[in-house]
Amino acid sequence: MRLIFAGMAVLVLLVVGLLGFRGSSSRKPPLEIFPDMDRQPKLRPMEPNRFFPNGISSQPTPEGAVPRSRPVVDREGRKVFPYQNDHPVNSGRVAGTTNYLTLSPLPVSREVVARGRERYAISCVPCHGELGDGQGMVTRMAVGMAAANLHDPAIVRMADGQLYRTLAFGSKEGQGVMKGYASNIDVADRWAIVAYLRALQSSRLASLEELKSLEKAQPGTVPAALLQPKSN
Amino acid sequence: MSNIFPKWTNRLPLLVLVGGLLLGGGVVTGVTYYFTPKYANVGYQPLQPVSFSHKIHAGELGMDCRYCHNGVEKSWFSNVPAASTCMNCHGVVLKDDPRLAPVRESHEKHTPLPWVQIHKTPDYVYFNHSVHVNRGISCVHCHGKITEMDEVRHEKSLSMAFCLDCHRNTHEKIRPLEQVYNLDWKGEGFAPEREGRALAGKLGVEGSQSCSVCHR
(Lines give C-alpha, C1' and ligand atoms only; values in the text may rest on other atoms or scores of the structure.)
Protein backbone atom coordinates (compact mmCIF):
# COMPACT_ATOMS: atom_id res chain seq x y z
CA MET A 1 0.00 0.00 0.00
CA ARG A 2 2.78 2.37 0.96
CA LEU A 3 4.46 1.47 -2.31
CA ILE A 4 1.40 2.52 -4.28
CA PHE A 5 1.15 5.87 -2.52
CA ALA A 6 4.87 6.47 -3.00
CA GLY A 7 4.62 5.47 -6.64
CA MET A 8 1.67 7.85 -7.20
CA ALA A 9 3.50 10.69 -5.49
CA VAL A 10 6.56 10.16 -7.67
CA LEU A 11 4.36 10.04 -10.78
CA VAL A 12 2.55 13.28 -9.86
CA LEU A 13 5.85 15.01 -9.13
CA LEU A 14 7.25 13.75 -12.43
CA VAL A 15 4.26 14.94 -14.47
CA VAL A 16 4.08 18.34 -12.75
CA GLY A 17 7.85 18.69 -12.98
CA LEU A 18 7.85 17.93 -16.68
CA LEU A 19 4.70 19.78 -17.72
CA GLY A 20 4.66 22.66 -15.23
CA PHE A 21 1.60 24.65 -14.26
CA ARG A 22 -1.09 26.37 -16.28
CA GLY A 23 -0.20 29.81 -17.48
CA SER A 24 3.54 29.65 -16.98
CA SER A 25 5.50 31.46 -19.66
CA SER A 26 7.03 29.36 -22.37
CA ARG A 27 9.09 29.99 -25.49
CA LYS A 28 7.75 26.82 -27.08
CA PRO A 29 4.74 27.01 -29.42
CA PRO A 30 1.40 25.83 -28.00
CA LEU A 31 0.75 22.10 -28.00
CA GLU A 32 -1.98 21.01 -30.35
CA ILE A 33 -3.20 18.01 -28.45
CA PHE A 34 -5.62 16.45 -30.92
CA PRO A 35 -4.28 18.11 -34.06
CA ASP A 36 -7.02 16.66 -36.28
CA MET A 37 -7.82 19.66 -38.46
CA ASP A 38 -6.02 22.35 -36.54
CA ARG A 39 -3.72 23.15 -39.41
CA GLN A 40 -5.16 22.74 -42.86
CA PRO A 41 -3.25 23.08 -46.13
CA LYS A 42 -4.42 26.63 -46.75
CA LEU A 43 -2.65 29.96 -46.64
CA ARG A 44 -3.19 32.48 -43.88
CA PRO A 45 -2.27 36.11 -44.29
CA MET A 46 1.34 37.00 -43.49
CA GLU A 47 2.45 33.42 -43.20
CA PRO A 48 5.72 32.38 -44.85
CA ASN A 49 5.27 30.38 -48.01
CA ARG A 50 7.92 28.68 -50.09
CA PHE A 51 5.86 28.60 -53.27
CA PHE A 52 6.69 32.19 -54.18
CA PRO A 53 10.30 33.28 -54.62
CA ASN A 54 9.91 36.16 -52.13
CA GLY A 55 8.52 33.79 -49.49
CA ILE A 56 5.34 35.79 -48.77
CA SER A 57 1.83 34.30 -48.86
CA SER A 58 0.01 37.66 -49.07
CA GLN A 59 1.52 38.77 -52.34
CA PRO A 60 1.60 42.48 -53.17
CA THR A 61 -0.64 43.40 -56.11
CA PRO A 62 1.23 43.03 -59.39
CA GLU A 63 2.36 46.07 -61.34
CA GLY A 64 -0.47 47.49 -63.43
CA ALA A 65 -3.29 45.74 -61.56
CA VAL A 66 -6.39 47.89 -61.24
CA PRO A 67 -7.88 47.75 -57.74
CA ARG A 68 -11.63 48.30 -57.95
CA SER A 69 -12.27 49.08 -54.33
CA ARG A 70 -15.04 51.33 -53.16
CA PRO A 71 -14.97 54.72 -54.88
CA VAL A 72 -14.78 58.06 -53.10
CA VAL A 73 -17.53 60.51 -54.01
CA ASP A 74 -16.42 64.10 -54.56
CA ARG A 75 -18.32 67.37 -54.05
CA GLU A 76 -20.01 67.09 -57.44
CA GLY A 77 -21.13 63.54 -56.72
CA ARG A 78 -18.66 61.96 -59.12
CA LYS A 79 -17.12 58.63 -58.24
CA VAL A 80 -13.33 58.49 -58.03
CA PHE A 81 -11.54 55.16 -57.92
CA PRO A 82 -8.13 54.62 -56.33
CA TYR A 83 -6.53 53.65 -59.64
CA GLN A 84 -7.14 57.16 -61.03
CA ASN A 85 -3.77 58.27 -59.73
CA ASP A 86 -3.80 61.68 -61.37
CA HIS A 87 -7.31 62.60 -60.33
CA PRO A 88 -7.29 65.66 -58.04
CA VAL A 89 -9.03 63.68 -55.30
CA ASN A 90 -6.17 61.17 -55.23
CA SER A 91 -3.27 63.43 -56.08
CA GLY A 92 -4.22 66.66 -54.29
CA ARG A 93 -3.23 68.57 -57.41
CA VAL A 94 -5.22 70.51 -59.97
CA ALA A 95 -5.70 68.14 -62.91
CA GLY A 96 -2.85 68.24 -65.39
CA THR A 97 -0.67 70.63 -63.37
CA THR A 98 1.54 70.45 -60.32
CA ASN A 99 -0.46 73.17 -58.56
CA TYR A 100 -2.03 72.19 -55.27
CA LEU A 101 -5.77 72.18 -54.81
CA THR A 102 -6.77 75.15 -52.68
CA LEU A 103 -9.79 73.42 -51.21
CA SER A 104 -10.60 69.84 -50.38
CA PRO A 105 -12.48 68.23 -53.30
CA LEU A 106 -14.59 66.13 -50.94
CA PRO A 107 -17.64 67.36 -49.08
CA VAL A 108 -16.96 68.49 -45.51
CA SER A 109 -19.51 67.91 -42.78
CA ARG A 110 -19.60 67.50 -39.05
CA GLU A 111 -19.18 63.74 -39.40
CA VAL A 112 -16.19 64.18 -41.69
CA VAL A 113 -14.46 66.47 -39.19
CA ALA A 114 -15.21 64.03 -36.37
CA ARG A 115 -13.81 61.18 -38.46
CA GLY A 116 -10.75 63.32 -39.21
CA ARG A 117 -10.28 63.93 -35.53
CA GLU A 118 -10.33 60.21 -34.78
CA ARG A 119 -7.87 59.43 -37.57
CA TYR A 120 -5.66 62.34 -36.50
CA ALA A 121 -5.53 60.83 -33.01
CA ILE A 122 -4.38 57.49 -34.43
CA SER A 123 -1.75 58.52 -36.91
CA CYS A 124 -0.64 62.06 -36.13
CA VAL A 125 -0.86 62.55 -32.35
CA PRO A 126 2.25 60.47 -31.48
CA CYS A 127 4.45 63.13 -33.08
CA HIS A 128 2.40 66.30 -33.61
CA GLY A 129 0.50 66.09 -30.34
CA GLU A 130 -3.16 66.43 -29.58
CA LEU A 131 -2.98 70.21 -29.87
CA GLY A 132 -1.06 70.07 -33.12
CA ASP A 133 1.82 71.98 -31.55
CA GLY A 134 4.47 69.41 -32.47
CA GLN A 135 4.79 68.23 -28.87
CA GLY A 136 3.61 64.63 -29.11
CA MET A 137 4.94 61.94 -26.78
CA VAL A 138 7.48 60.76 -29.35
CA THR A 139 8.85 64.25 -29.83
CA ARG A 140 9.09 64.72 -26.09
CA MET A 141 10.62 61.32 -25.34
CA ALA A 142 13.02 60.70 -28.17
CA VAL A 143 16.32 62.47 -28.64
CA GLY A 144 16.76 64.20 -31.97
CA MET A 145 13.11 63.98 -33.02
CA ALA A 146 11.34 67.17 -34.02
CA ALA A 147 7.83 67.36 -35.46
CA ALA A 148 6.34 70.40 -37.13
CA ASN A 149 4.11 72.74 -35.19
CA LEU A 150 0.94 72.63 -37.25
CA HIS A 151 0.01 76.16 -36.16
CA ASP A 152 3.15 77.49 -37.82
CA PRO A 153 2.03 80.25 -40.26
CA ALA A 154 3.86 78.50 -43.10
CA ILE A 155 1.71 75.43 -42.55
CA VAL A 156 -1.51 77.36 -41.97
CA ARG A 157 -0.88 79.03 -45.33
CA MET A 158 -0.46 75.74 -47.17
CA ALA A 159 -3.17 74.82 -49.64
CA ASP A 160 -5.39 71.86 -48.70
CA GLY A 161 -3.78 69.90 -51.53
CA GLN A 162 -0.32 70.41 -50.10
CA LEU A 163 -1.43 69.24 -46.66
CA TYR A 164 -3.00 66.22 -48.33
CA ARG A 165 0.17 65.40 -50.22
CA THR A 166 2.30 65.87 -47.11
CA LEU A 167 0.36 63.39 -45.08
CA ALA A 168 -0.04 60.95 -47.94
CA PHE A 169 3.38 61.04 -49.57
CA GLY A 170 5.64 62.66 -46.96
CA SER A 171 6.83 66.15 -46.18
CA LYS A 172 8.54 68.14 -48.93
CA GLU A 173 7.11 65.76 -51.56
CA GLY A 174 8.75 62.79 -49.85
CA GLN A 175 12.14 64.43 -49.34
CA GLY A 176 11.49 65.65 -45.79
CA VAL A 177 11.72 63.96 -42.40
CA MET A 178 8.10 62.81 -42.27
CA LYS A 179 7.31 59.72 -44.30
CA GLY A 180 4.07 59.36 -46.20
CA TYR A 181 1.10 57.61 -44.61
CA ALA A 182 -0.65 56.65 -47.84
CA SER A 183 -0.51 52.95 -47.02
CA ASN A 184 -2.10 53.46 -43.59
CA ILE A 185 -4.74 56.11 -44.31
CA ASP A 186 -7.12 55.84 -47.24
CA VAL A 187 -8.10 58.72 -49.48
CA ALA A 188 -11.32 59.82 -47.79
CA ASP A 189 -9.66 59.71 -44.37
CA ARG A 190 -6.73 61.80 -45.61
CA TRP A 191 -9.12 64.57 -46.66
CA ALA A 192 -11.00 64.16 -43.37
CA ILE A 193 -7.75 64.73 -41.49
CA VAL A 194 -7.10 67.82 -43.60
CA ALA A 195 -10.56 69.10 -42.67
CA TYR A 196 -9.95 68.45 -38.97
CA LEU A 197 -6.55 70.08 -39.21
CA ARG A 198 -8.19 73.23 -40.57
CA ALA A 199 -10.56 73.25 -37.61
CA LEU A 200 -7.61 72.74 -35.25
CA GLN A 201 -5.67 75.59 -36.84
CA SER A 202 -8.66 77.89 -36.79
CA SER A 203 -9.03 77.25 -33.09
CA ARG A 204 -5.93 79.38 -32.61
CA LEU A 205 -6.80 81.93 -35.27
CA ALA A 206 -10.42 82.56 -34.46
CA SER A 207 -11.55 86.14 -34.50
CA LEU A 208 -13.86 87.67 -31.92
CA GLU A 209 -16.95 87.19 -34.11
CA GLU A 210 -16.10 83.56 -34.67
CA LEU A 211 -15.65 83.01 -30.98
CA LYS A 212 -19.11 84.43 -30.47
CA SER A 213 -20.52 82.05 -33.07
CA LEU A 214 -18.70 79.29 -31.19
CA GLU A 215 -20.49 80.26 -28.03
CA LYS A 216 -23.81 79.96 -29.78
CA ALA A 217 -22.98 76.65 -31.40
CA GLN A 218 -23.93 73.51 -29.58
CA PRO A 219 -21.21 71.88 -27.59
CA GLY A 220 -19.40 69.24 -29.59
CA THR A 221 -20.13 70.75 -32.97
CA VAL A 222 -17.76 72.63 -35.20
CA PRO A 223 -19.25 75.92 -36.38
CA ALA A 224 -19.35 76.39 -40.14
CA ALA A 225 -17.16 79.49 -39.90
CA LEU A 226 -14.31 77.39 -38.66
CA LEU A 227 -14.59 74.83 -41.41
CA GLN A 228 -13.80 77.29 -44.18
CA PRO A 229 -10.07 77.66 -44.71
CA LYS A 230 -8.87 81.23 -44.25
CA SER A 231 -7.98 83.26 -47.27
CA ASN A 232 -4.51 84.53 -46.59
CA MET B 1 -2.32 -26.73 -2.85
CA SER B 2 -2.96 -24.11 -0.26
CA ASN B 3 0.54 -22.64 -0.68
CA ILE B 4 0.41 -21.69 -4.33
CA PHE B 5 -0.67 -18.13 -3.62
CA PRO B 6 1.43 -16.40 -0.99
CA LYS B 7 -0.35 -14.69 1.82
CA TRP B 8 -0.04 -11.12 0.55
CA THR B 9 -2.21 -11.93 -2.42
CA ASN B 10 -5.15 -11.73 -0.06
CA ARG B 11 -4.66 -7.94 -0.18
CA LEU B 12 -4.41 -7.90 -3.96
CA PRO B 13 -8.05 -6.96 -4.70
CA LEU B 14 -7.77 -4.01 -2.31
CA LEU B 15 -4.45 -2.94 -3.80
CA VAL B 16 -5.80 -3.13 -7.32
CA LEU B 17 -8.89 -1.18 -6.33
CA VAL B 18 -7.00 1.58 -4.52
CA GLY B 19 -4.25 1.69 -7.12
CA GLY B 20 -6.78 1.77 -9.95
CA LEU B 21 -8.83 4.50 -8.32
CA LEU B 22 -5.76 6.59 -7.64
CA LEU B 23 -4.37 6.12 -11.13
CA GLY B 24 -7.73 6.71 -12.77
CA GLY B 25 -8.32 9.81 -10.67
CA GLY B 26 -4.81 10.99 -11.43
CA VAL B 27 -5.25 10.55 -15.18
CA VAL B 28 -8.62 12.35 -15.15
CA THR B 29 -7.19 15.21 -13.12
CA GLY B 30 -4.15 15.38 -15.35
CA VAL B 31 -6.20 15.41 -18.53
CA THR B 32 -8.61 18.08 -17.35
CA TYR B 33 -5.73 20.15 -16.09
CA TYR B 34 -3.39 19.78 -19.05
CA PHE B 35 -5.48 18.89 -22.13
CA THR B 36 -6.99 22.33 -22.49
CA PRO B 37 -6.02 25.58 -24.17
CA LYS B 38 -5.74 27.05 -20.67
CA TYR B 39 -2.56 25.03 -20.34
CA ALA B 40 -1.54 24.63 -23.98
CA ASN B 41 -1.92 28.23 -25.14
CA VAL B 42 -1.61 30.52 -22.15
CA GLY B 43 1.86 31.78 -21.46
CA TYR B 44 3.26 31.39 -24.95
CA GLN B 45 5.84 34.11 -25.33
CA PRO B 46 8.16 33.43 -28.26
CA LEU B 47 11.43 35.20 -28.84
CA GLN B 48 10.80 37.84 -31.51
CA PRO B 49 13.34 38.90 -34.13
CA VAL B 50 13.31 42.48 -32.75
CA SER B 51 12.86 43.33 -29.08
CA PHE B 52 9.80 45.43 -29.84
CA SER B 53 8.02 46.59 -26.70
CA HIS B 54 4.31 47.37 -26.53
CA LYS B 55 4.93 48.83 -23.09
CA ILE B 56 7.07 51.59 -24.58
CA HIS B 57 5.11 52.19 -27.78
CA ALA B 58 1.48 51.59 -26.82
CA GLY B 59 1.91 52.31 -23.11
CA GLU B 60 4.36 55.13 -22.56
CA LEU B 61 4.08 56.75 -25.98
CA GLY B 62 0.33 56.18 -25.85
CA MET B 63 0.09 55.12 -29.49
CA ASP B 64 -3.25 53.84 -30.73
CA CYS B 65 -3.23 50.16 -31.69
CA ARG B 66 -4.47 51.11 -35.14
CA TYR B 67 -1.31 53.06 -35.96
CA CYS B 68 0.33 49.68 -36.49
CA HIS B 69 -2.50 47.14 -36.55
CA ASN B 70 -4.37 49.17 -39.11
CA GLY B 71 -6.37 46.25 -40.49
CA VAL B 72 -8.04 45.38 -37.21
CA GLU B 73 -11.25 47.34 -37.79
CA LYS B 74 -11.53 46.46 -41.47
CA SER B 75 -10.76 42.77 -41.74
CA TRP B 76 -10.80 39.46 -39.91
CA PHE B 77 -7.07 39.62 -39.62
CA SER B 78 -5.20 42.09 -37.47
CA ASN B 79 -2.03 42.67 -39.39
CA VAL B 80 1.39 43.17 -37.88
CA PRO B 81 2.96 46.33 -39.35
CA ALA B 82 5.51 46.35 -42.14
CA ALA B 83 8.99 47.67 -41.42
CA SER B 84 8.12 50.91 -43.21
CA THR B 85 5.68 51.70 -40.37
CA CYS B 86 8.49 51.42 -37.84
CA MET B 87 10.71 53.54 -40.07
CA ASN B 88 8.21 56.41 -39.88
CA CYS B 89 9.84 57.08 -36.53
CA HIS B 90 12.95 54.98 -36.48
CA GLY B 91 14.28 56.72 -39.56
CA VAL B 92 15.05 59.43 -36.98
CA VAL B 93 14.63 57.92 -33.51
CA LEU B 94 17.39 55.41 -32.57
CA LYS B 95 18.58 55.70 -36.16
CA ASP B 96 21.69 53.58 -35.75
CA ASP B 97 20.65 51.39 -32.85
CA PRO B 98 21.84 47.80 -33.36
CA ARG B 99 18.56 46.46 -31.94
CA LEU B 100 16.77 47.91 -34.94
CA ALA B 101 19.17 46.56 -37.57
CA PRO B 102 16.71 43.85 -38.78
CA VAL B 103 14.03 46.51 -39.24
CA ARG B 104 16.31 48.69 -41.36
CA GLU B 105 17.41 45.73 -43.41
CA SER B 106 13.83 44.62 -43.99
CA HIS B 107 12.90 48.15 -45.03
CA GLU B 108 15.74 48.47 -47.51
CA LYS B 109 15.52 45.02 -49.05
CA HIS B 110 11.71 44.72 -48.94
CA THR B 111 11.95 41.38 -47.18
CA PRO B 112 9.44 40.54 -44.45
CA LEU B 113 10.47 40.60 -40.80
CA PRO B 114 10.01 37.10 -39.38
CA TRP B 115 7.69 38.01 -36.48
CA VAL B 116 6.43 34.92 -34.68
CA GLN B 117 2.64 34.68 -34.52
CA ILE B 118 1.46 34.17 -30.97
CA HIS B 119 -2.34 33.99 -31.05
CA LYS B 120 -3.56 31.49 -33.58
CA THR B 121 -6.94 29.81 -33.57
CA PRO B 122 -7.22 26.35 -35.16
CA ASP B 123 -8.02 26.48 -38.86
CA TYR B 124 -11.48 25.03 -38.33
CA VAL B 125 -12.49 28.11 -36.34
CA TYR B 126 -13.69 31.25 -38.03
CA PHE B 127 -12.66 34.34 -36.13
CA ASN B 128 -13.09 37.95 -37.12
CA HIS B 129 -11.51 41.01 -35.52
CA SER B 130 -13.56 43.73 -37.19
CA VAL B 131 -16.91 42.36 -36.00
CA HIS B 132 -15.67 42.50 -32.40
CA VAL B 133 -13.88 45.86 -32.27
CA ASN B 134 -16.70 47.57 -34.18
CA ARG B 135 -19.23 46.20 -31.68
CA GLY B 136 -17.51 47.59 -28.61
CA ILE B 137 -15.33 44.60 -27.63
CA SER B 138 -11.90 45.76 -26.58
CA CYS B 139 -8.56 44.11 -27.28
CA VAL B 140 -8.03 43.76 -23.56
CA HIS B 141 -10.69 41.03 -23.22
CA CYS B 142 -8.89 38.68 -25.57
CA HIS B 143 -5.27 39.79 -25.35
CA GLY B 144 -4.89 41.13 -21.83
CA LYS B 145 -3.07 44.31 -20.91
CA ILE B 146 -0.84 44.54 -23.97
CA THR B 147 0.17 48.05 -22.95
CA GLU B 148 2.01 46.66 -19.95
CA MET B 149 3.87 43.89 -21.77
CA ASP B 150 7.44 44.29 -22.93
CA GLU B 151 7.05 41.07 -24.83
CA VAL B 152 3.59 39.95 -25.94
CA ARG B 153 2.39 36.93 -23.99
CA HIS B 154 -0.58 34.67 -24.77
CA GLU B 155 -2.65 35.91 -21.85
CA LYS B 156 -6.13 34.40 -22.42
CA SER B 157 -6.89 30.83 -23.42
CA LEU B 158 -9.02 31.71 -26.48
CA SER B 159 -10.69 28.35 -25.99
CA MET B 160 -14.23 27.67 -27.13
CA ALA B 161 -15.50 28.11 -23.56
CA PHE B 162 -13.77 31.48 -23.42
CA CYS B 163 -15.47 32.67 -26.61
CA LEU B 164 -18.87 31.38 -25.52
CA ASP B 165 -18.66 32.87 -22.02
CA CYS B 166 -18.68 36.25 -23.64
CA HIS B 167 -21.12 35.50 -26.45
CA ARG B 168 -23.65 34.46 -23.80
CA ASN B 169 -23.17 37.64 -21.77
CA THR B 170 -22.07 40.26 -24.24
CA HIS B 171 -23.56 43.10 -22.21
CA GLU B 172 -20.99 42.49 -19.47
CA LYS B 173 -18.05 43.10 -21.76
CA ILE B 174 -19.35 45.62 -24.26
CA ARG B 175 -18.12 49.20 -23.99
CA PRO B 176 -18.57 52.49 -25.85
CA LEU B 177 -16.88 52.43 -29.25
CA GLU B 178 -14.49 55.27 -28.31
CA GLN B 179 -13.06 53.15 -25.48
CA VAL B 180 -12.32 49.98 -27.45
CA TYR B 181 -8.67 50.92 -27.99
CA ASN B 182 -8.22 52.30 -24.50
CA LEU B 183 -7.11 49.24 -22.57
CA ASP B 184 -7.12 51.10 -19.25
CA TRP B 185 -10.81 52.00 -19.34
CA LYS B 186 -12.40 51.26 -15.98
CA GLY B 187 -16.03 51.51 -17.02
CA GLU B 188 -16.99 54.43 -14.80
CA GLY B 189 -20.63 55.40 -15.19
CA PHE B 190 -21.29 52.45 -17.49
CA ALA B 191 -23.29 49.74 -15.77
CA PRO B 192 -23.45 46.47 -17.75
CA GLU B 193 -27.05 45.89 -16.74
CA ARG B 194 -28.28 49.25 -17.97
CA GLU B 195 -25.88 51.01 -20.36
CA GLY B 196 -24.35 47.71 -21.49
CA ARG B 197 -27.67 46.21 -22.48
CA ALA B 198 -28.75 49.46 -24.12
CA LEU B 199 -25.58 49.66 -26.18
CA ALA B 200 -25.78 46.00 -27.17
CA GLY B 201 -29.31 46.64 -28.37
CA LYS B 202 -28.27 49.73 -30.29
CA LEU B 203 -25.39 47.95 -32.05
CA GLY B 204 -27.59 44.97 -32.85
CA VAL B 205 -25.47 42.48 -30.91
CA GLU B 206 -27.07 39.04 -30.78
CA GLY B 207 -24.30 37.11 -29.08
CA SER B 208 -24.46 34.28 -31.57
CA GLN B 209 -23.95 30.80 -30.15
CA SER B 210 -24.81 28.47 -32.96
CA CYS B 211 -21.99 26.23 -34.08
CA SER B 212 -21.97 27.47 -37.65
CA VAL B 213 -21.05 30.98 -36.54
CA CYS B 214 -17.54 29.91 -35.59
CA HIS B 215 -17.26 26.61 -37.44
CA ARG B 216 -18.35 27.51 -40.92
Side-chain angles (χ1 to χ4, degrees), chain A residues 1 3-5 7-8 11-12 15-16 19-42 44-48 54-56 58 60 118-119 121-123 125-127 136-138 140-146 177-181 183-185, chain B residues 11 14-15 18-19 22-23 26 30 33-47 56-57 60-68 70-71 75-77 79-82 84-85 87-89 91-95 110-112 114-117 120 122-124 153-155 178 181:
Chain A
M1 196 61 94
L3 219 67
I4 289 179
F5 284 125
M8 269 312 285
L11 207 67
V12 166
V15 167
V16 172
L19 298 180
F21 295 103
R22 272 186 190 174
S24 50
S25 294
S26 157
R27 295 289 189 200
K28 289 198 279 314
L31 298 170
E32 278 160 359
I33 295 165
F34 297 115
D36 308 327
M37 284 170 65
D38 282 5
R39 299 296 158 224
Q40 298 160 14
K42 66 179 181 188
R44 301 171 135 247
M46 303 186 104
E47 214 156 63
N54 61 1
I56 306 174
S58 316
E118 189 195 30
R119 298 292 122 176
I122 295 170
S123 295
V125 162
C127 296
M137 273 311 284
V138 173
R140 274 187 273 160
M141 221 170 113
V143 193
M145 178 80 185
V177 173
M178 177 175 147
K179 306 273 191 305
Y181 280 72
S183 61
N184 274 25
I185 312 175
Chain B
R11 289 191 8 244
L14 185 68
L15 285 180
V18 172
L22 273 177
L23 203 67
Y33 189 76
Y34 287 121
F35 283 28
T36 144
K38 284 194 192 117
Y39 169 73
N41 292 349
V42 178
Y44 180 39
Q45 191 175 39
L47 214 53
I56 292 180
H57 292 87
E60 288 164 31
L61 295 175
M63 290 170 72
D64 193 290
C65 313
R66 289 167 290 178
Y67 187 101
C68 295
N70 60 346
S75 108
W76 75 269
F77 190 77
N79 60 317
V80 167
S84 61
T85 305
M87 293 306 280
N88 286 342
C89 293
V92 182
V93 182
L94 302 177
K95 203 158 102 211
H110 297 283
T111 50
W115 297 115
V116 184
Q117 183 167 5
K120 204 174 191 179
D123 283 352
Y124 54 75
R153 182 175 185 278
H154 205 310
E155 193 69 36
E178 320 76 83
Y181 303 92

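Just the heavy atoms: all of them, side chains too, but no hydrogens, waters or symmetry mates, feed the values below. In what follows, chains carry the letters A, B, and so on, assigned in the order in which the sequence lines appear, proteins first and then strands, with residues in each chain numbered from 1.
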**Q** Looking at B:Leu22 and A:Met8, what are the two nearest heavy atoms and their distance?
**A** O-CE, 3.5 Å
**Q** Check each atom of B:Leu94 against the heavy atoms of chain A and say whether the ones under 4.5 Å are side chain, backbone, both or neither.
**A** neither
**Q** Considering only heavy atoms, which portion of A:Val125 lies under 4.5 Å from any heavy atom of chain B: side chain, backbone, both, or neither?
**A** neither
**Q** Out of A:Phe5, A:Phe21, A:Tyr181, return the one with the most heavy atom pairs under 4.5 angstrom to chain B.
**A** A:Tyr181
**Q** Could you grab the distance from atom CD of B:Glu60 to atom CE of A:Met141, nearest 0.5 Å is fine?
**A** 5.0 Å
**Q** Against chain A, work out which of B:Lys120, B:Glu155, B:Arg11, B:Met87 has the most heavy-atom pairs shorter than 4.5 Å and name it.
**A** B:Lys120
**Q** Under a 3.5 Å distance rule, please check whether A:Arg22 uses its side chain to pair with a backbone N or O of B:Tyr34 as donor and acceptor.
**A** no
**Q** Chain A: which of B:Trp115, B:Tyr181, B:Tyr33, B:Trp76 shares the most heavy-atom pairs with it under 4.5 Å?
**A** B:Tyr33
**Q** Rounded to the nearest 0.5 Å, what separation is found between the CD1 atom of A:Ile122 and the SG atom of B:Cys65?
**A** 9.5 Å
**Q** Let me know if A:Ile185 has heavy atoms under 4.5 Å from chain B in its side chain, its backbone, both or neither.
**A** neither
**Q** Considering only heavy atoms and a distance below 4.5 Å, find which of A:Lys179, A:Arg27, A:Met137 pairs most often with chain B.
**A** A:Arg27
**Q** Below 4.5 Å from any heavy atom of chain B, which atoms of A:Pro45 appear? Answer side chain, backbone, both or neither.
**A** both
**Q** To the nearest 0.5 Å, what is the distance between OG on A:Ser123 and CG on B:Asn88?
**A** 9.0 Å
**Q** List the steps and the verdict of side chain to side chain contact (heavy atoms under 4.5 Å, CB included) for B:Leu15 and A:Leu3.
**A** CA-CA 10 Å; B:Leu15 285 180; A:Leu3 219 67; over 6 Å; no
**Q** What option among A:Glu118, A:Arg119, A:Glu32, A:Arg140 has the most heavy-atom pairs under 4.5 Å with chain B?
**A** A:Arg119
**Q** Can you say whether B:Thr111 sits under 4.5 Å from chain A via the side chain, the backbone, both, or neither, judging by heavy atoms?
**A** neither
**Q** Highest number of heavy-atom pairs under 4.5 Å with chain A: which of B:Leu61, B:Val80, B:Val92, B:Val93?
**A** B:Leu61
**Q** Can you tell which of B:Arg153, B:His154, B:His57 has the highest number of heavy-atom pairs within less than 4.5 Å of chain A?
**A** B:Arg153
**Q** Go through the atoms of A:Lys42 and report whether side chain, backbone, both or neither lie under 4.5 Å from a heavy atom of chain B.
**A** side chain
**Q** So which atom in A:Pro30 and which in B:Asn41 form the shortest heavy-atom distance, rounded to 0.1 Å?
**A** CB-OD1, 3.3 Å
**Q** Quick check for you: among A:Gly20, A:Pro48, A:Pro35, which has the greatest number of heavy-atom pairs under 4.5 Å with chain B?
**A** A:Gly20
**Q** Less than 4.5 Å to any heavy atom of chain B: does that hold for the side chain of A:Pro29, its backbone, both, or neither?
**A** both
**Q** Please rank A:Met46, A:Met145, A:Met37, A:Glu47 by heavy-atom pairs under 4.5 Å with chain B and give me the top one.
**A** A:Met46
**Q** Tell me which of these, A:Leu19, A:Asp36, A:Val138, has more heavy-atom pairs under 4.5 Å with chain B than the rest.
**A** A:Leu19
**Q** Non-hydrogen atoms of chain B under 4.5 Å away: do they reach the side chain of A:Val12, the backbone, both or neither?
**A** neither
**Q** Can you name the closest pair of heavy atoms from A:Arg39 and B:Pro122 and give their distance?
**A** NH1-CA, 3.7 Å
**Q** Under 4.5 Å from any heavy atom of chain A, what part of B:Phe77 do you find: side chain, backbone, both or neither?
**A** side chain
